[in-house]
Amino acid sequence: VADSPDAILRNGLNNRYCVLEVSVIQRNGSDPEKHLTITASPSLENTELCILRNGWESVPVVPGDIVHLEGECSCGTWVVGAQSGYLVLYPDLLLSGTAISSSIRCMRRAVLSERFRGSEPGSPQMLVGTILHDIFQQSVTNDLAPEKVQELANKIVYGQKYLKEMYLLNVKQAQIMQEIEEYLPSFFKWAEDFMHNPANQNKMQLKLSNGGKTEDVSSKIEVVDILDIEENIWSPRFGLKGKIDVTARVRIHCQAGAQSRVMPLELKSGKESNSIEHRSQVILYTLLSLERRADPEAGFLLYLKTGTMYPVSAARMDRRELMKLRNHVAFYLTHSTYKPDVGRQNSQLAALPPVIDDSQTCKYCSQMHNCFLYSRAVEQKMPSVAFPAALVPVIDRETQHLKPSHLEYFSLWYLMLTLELQSGEHKKGYKNIWMTPSLEREKAGDCVGNMVRVDEVHEVSEGQYLHFFQRRNGAIPGTNLLVGDRVVVSGEEKGLLGLATGYVREVSATKVSCLLGRNLSNLPKNTVFRLDHDEGDVGTGVPFKNLSKLMKDCPVSERLRNLIIDFQKPCFIQHLSSVLPPEAKETVANILKGLNKPQKQAMKQVLLSKDYTLIVGMPGTGKTTTICALVRILSACGFSVLLTSFTHTAVDNVLLKLAKFKVGFLRLGRAQKVHPDIQKYTEEEICRSRSIKSVTDLEEVYNSQPVVATSCMGVNHPIFAQKQFDFCIVDEASQISQLVCLGPLFCSKRFVLVGDHQQLPPLVLNAEARDLGMSESLFKRLEQNQNAVVQLTVQYRMNSKIMSLSNMLVYEGKLECGSEKVSNATVNLPNLKKLKLDLGDASKSWLKEVLDPDTAVCFLNTEKAGCKPSDIGIISPYRHQLKTITDLMAKWKENRVEVNTVDKYQGRDKSIIIVSFVRNSIDENLGSLLKDWRRLNVAITRAKHKLLMVGCVPSLCCYPPLEKLLCHLQSQAMISFFGAHESIHKCNIL
DNA sequence: TCTCTGCATAGAGGA
């Protein structure tokens, strides 16, 4: 279990075993077997034996792996063989039907497309395929009459739904329509053959079971009813997931009579190949079906071009081979790194599945670039990996544009991203939805169970259904579910996993409303649901994709490689006059008037830059104002600007300011995540209000504004495949992971990163990845080129006393106050006089001192007082501390004090900040949080007028950053002792 | 030794 510290083991139907030992048994004259010693008990006692034979011994299973066993177990022994049983390796890793069927031809490609998810470019044929699916699926559920189908086809092709894709592929609606129309007659032919006049069709062969025996049945097929389209099934039994195009009730008419079954129907719009890949997909869907209903034993392949339908029998042998294939893919995905020496901690990248020797297949492969890249950068160094001789020169040729430094960068980042991915999978991942009962998961706030659907389902827009859920018995327990969060809706009952996904619209005491991708009104009225917070594997594909793009043989990538990997010196032009158009001079001068000296310097530097500029925005120095001014100046000069940040909130902060000036912009990204005042600038809203229905109109919208704003992850938008910007500005750049930050840079000629590496770095979960340098942001990396750096040093947040702490700690005295007013500002406490009277008692004199507005900074030493630090606080490094504080304050009548972590407070400020440092004992286990001086810097630079810090001085002196701070405070007489058993929260000073 | 943001997605077809 070394690899998965939080693995859940269990017996029974949904069992999970840990493999303790693997031995290969080869007796003379008999077939080889693999014997696994396994256990389902967390203590790793109570072992059982699992015997793999008849081909199953080839499953690559090693000690520490988690497996699921299907079949029968007698006397503690499982047998997985030819006729019965399945071994499912890492069953909680659900692999899609297409991933497995594509691995038949090339497993390497299947693994790569899982890693570099979403990096396949797409094609017009694919889009036609998607639209045909849509038309057929809607027609078959509603009406297959020719006029109706034609009408629907028109509605879909000339509607809004696929405009983005058409724009991306640069195809016109009429073109698509022409291709679609060629298919429609086959739709009617199919309906004729299989719905209206099944008696006229030719017989087809199906293998179906009958009283324990499987026999060939010659039969005619009648589709009686359509139960679902795009049915989404997750199967943690087989480690599979997928969407079934059409789930139909089928009557099978044969000699012995008729029988009815619910069966999967897979639609194909391409060549009528009846290929192994296509058939395998159907067989996998029959396995998925087992999650919801009786074994269909077969399914159908329907080719839309001809209306021909092929039966696909899901024989045990085929299912077995496909599951073995699944296990192989799962093995490569879970064992993508390894530790070469037992006990030593450095991980290395493992080899991918071997390169196949089939130039015909490789010629058209969409993963070719990644395949060659990995072989060149990672595998060519491995003595154990051999390549097909003919491919070696091809690989070298395709990667010859890369220097050794580039290949090193690739393999280092690939390793770090993989390690981080593994950490993320252990921490979250979907498996809790099926492995943890809703009642238990509710305690952590990540789930709401026991819900029933109430009211009608509204189709808000195409494919977006508004659902209302109500708790069956009273109020919803405390939950982390927030408006805008992603949710997975499942049935509480087994087999109804992942019914739909969507977003939370509203949360009240008893109800939750969600916008879901599927309409659930067809399920029985009494279905009980659970809503799980979808932490998903967000953004795991994005950095891989950007890494791959950085290594491409094209000018944009080459330039970025030079600047980022090889630290090529950024260049600047000499004179502003060459970039500043005469007609913009006055406007620019006016904008500059409102800025301070370092801000003006920043503007100038950006305008002169040929490559990039880094703006260091120290706390309170008006980063947002600066960015806003920068965008105004750049657009006044006629430049196009791409404005991005890691979070939607930060993007909108700039836009809210920008909206006040006459600068137009287009906001991309999900409307749910966008600030209400910015909604009207979103693509979604513009397309709705102007009822955009053609590619040309959409193109016009995209080209209407020189300024486009979105989050760093949002640069997958089709607009960026076509447009290049003059400048790209990335806010919060010191907090963004290097490869995520890279995304927007591909679409612009020059870039500006705004951040402060003295504040918190990008979050990295995996300790090894962190040690390898993964938390180095692009901002930090490029900062060594000092000629590209401008510092904003004039701040408008903190008064001089508060500012001096951070100046002493990290900024070497560079920070200065923007004005006398800022410097001398004190807190406004209107009720202080009355409070002082109430506090006549001498024992509370410390409190008087603390409350005095002239005491701008004070550290309360809890060393002698024995006062619980948990009594005080507003910001703290620790979540648990915040929970305690929040609970205490919940008793207050009016409670507007905002309690949050230091990390979450980054980028924000308040008049008064109380920092609770919590630690109150001197032991060897120093937490890592307080060792980070960047976190301390953030904590002490949030207050404008009054900064109160609470903690035990001797305990905190063990942390170097705090020691430095406390020494300074001591010398300034800013530390005072806490009065006995007093607590600020009782006084309600705020 | 406890800090946490990003996002739609599995399959659309071709050899």
Side-chain angles (χ1 to χ4, degrees), chain A residues 94-99 101-102 105-106 113-114 117-118 120 122-134 162 165 230 232-234 240-245 266-271 273 275 277-278 281 305 358-366 424 427-428 463-464 484-486 488 498 500-503 515-517 534-543 645-650 669-670 672-673 711-714 716 732 735-737 740 743 760-765 767 876-882 900-904 906 925-932 934-935 938:
Chain A
L94 306 187
L95 295 175
S96 68
T98 41
S101 55
S102 80
R105 196 177 281 265
C106 176
S113 13
E114 262 325 271
R117 211 172 295 173
E120 322 241 321
S123 66
Q125 294 102 300
M126 281 169 152
L127 179 55
V128 168
T130 309
I131 297 175
L132 280 167
H133 272 68
D134 199 352
Y162 296 102
E165 279 98 329
E230 292 280 298
N232 188 46
I233 304 184
W234 292 351
L240 298 174
K241 65 181 168 191
K243 286 185 179 176
I244 298 178
D245 282 339
E266 169 66 14
L267 312 179
K268 293 288 171 201
S269 56
K271 219 184 252 173
S273 62
S275 63
E277 275 97 333
H278 288 175
Q281 230 176 310
K305 209 170 223 164
D358 179 353
S359 56
Q360 265 317 96
T361 303
C362 295
K363 209 160 96 188
Y364 300 97
C365 178
S366 51
K427 275 234 152 127
K428 29 195 183 182
Q464 299 233 41
D485 279 354
R486 280 191 62 76
V488 178
T501 56
Y503 292 85
L515 211 49
L516 302 177
D534 179 5
E535 294 136 326
D537 46 359
V538 218
T540 50
V542 171
S645 177
F646 192 36
T647 59
H648 290 287
T649 327
R670 278 204 61 88
Q672 293 253 16
K673 293 278 181 187
S711 78
C712 279
M713 301 280 209
N716 273 333
E732 295 182 317
Q735 277 188 91
I736 309 175
S737 180
V740 175
L760 288 165
L763 187 78
V764 177
L765 297 171
S876 169
Y878 304 98
R879 268 242 156 253
H880 276 286
Q881 177 77 345
L882 299 175
N900 230 326
T901 54
V902 178
D903 300 57
K904 286 242 183 187
Q906 181 154 332
N925 292 333
L926 297 179
S928 66
L929 291 193
L930 290 176
K931 283 183 191 159
D932 194 328
R934 293 167 296 199
R935 184 168 283 104
V938 171

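The shown structure was predicted, so the numbers you read here are calculated from the model rather than taken from an experiment. Residue numbering restarts at 1 for every chain, and letters A, B, ... go by the order of the sequence lines.
- Contact annotation: A:H278 side-chain N/O to B:dG13 OP1/OP2 distance is not under 4.0 Å.
- Looking at which nucleotide of DNA chain B each of A:N900 and A:S711 is closest to, the 5′-most match is held by A:N900.
- Contact check, A:S96 against B:dG11: a side-chain N or O comes under 4.0 Å of OP1 or OP2.
- Rounded to an integer number of Å, the gap from A:E266 CD to B:dG11 P is 8 Å.
- Counting non-hydrogen atoms under 4.0 angstrom, A:G517 reaches nothing in the nucleic acid.
- Nucleic acid contact for A:L929: base, since at least one base atom lies under 4.0 Å from a heavy atom of the residue.
- Rounded to whole Å, atom C1' of B:dA12 lies 10 Å from atom CD of A:Q281.
- A donor-acceptor distance shorter than 3.5 angstrom exists from the side chain of A:Q906 to the backbone of A:L760, with no hydrogens or angles considered.
- One interatomic measurement links the two molecules: CG of A:L94 to P of B:dT9, which rounds to 14 Å at whole-angstrom precision.
- For the pair A:L127 CG and B:dT9 P, the interatomic distance rounds to 19 Å; values are reported in whole Å.
- Each of A:G242 and A:K271 was assigned the nucleotide of DNA chain B with the nearest heavy atom; the assignment lying further toward the 5' end belongs to A:G242.
- Atoms CZ (A:R934) and C1' (B:dT3) sit 12 Å apart, rounded to a whole Å.
- Side-chain atoms of A:R935 and base atoms of B:dT3 include a donor and an acceptor less than 3.5 Å apart.
- In this structure, OH of A:Y364 is placed 12 Å from P of B:dG14, rounded to the nearest angstrom.
- Here the P atom of nucleotide B:dC4 and the CD atom of A:Q735 are 12 Å apart, to the nearest Å.
- Although no hydrogens or angles enter the test, the distance criterion places no donor-acceptor pair under 3.5 Å between the side chain of A:H133 and the main chain of A:D245.
- Contacts of A:S123 with the nucleic acid, taken as non-hydrogen atoms under 4.0 Å apart, are absent.
- B:dC4 sits 23 Å from B:dA8 when the P atoms are compared, rounded to a whole Å.
- Counting to the nearest Å, the P atom of B:dG13 and the CD atom of A:E277 are 13 Å from each other.
- Phosphate proximity of B:dT9 to A:K243: absent, as no side-chain N or O sits under 4.0 Å from OP1 or OP2.
- At the heavy-atom level, A:K363 lies nowhere under 4.0 Å from the strands shown.
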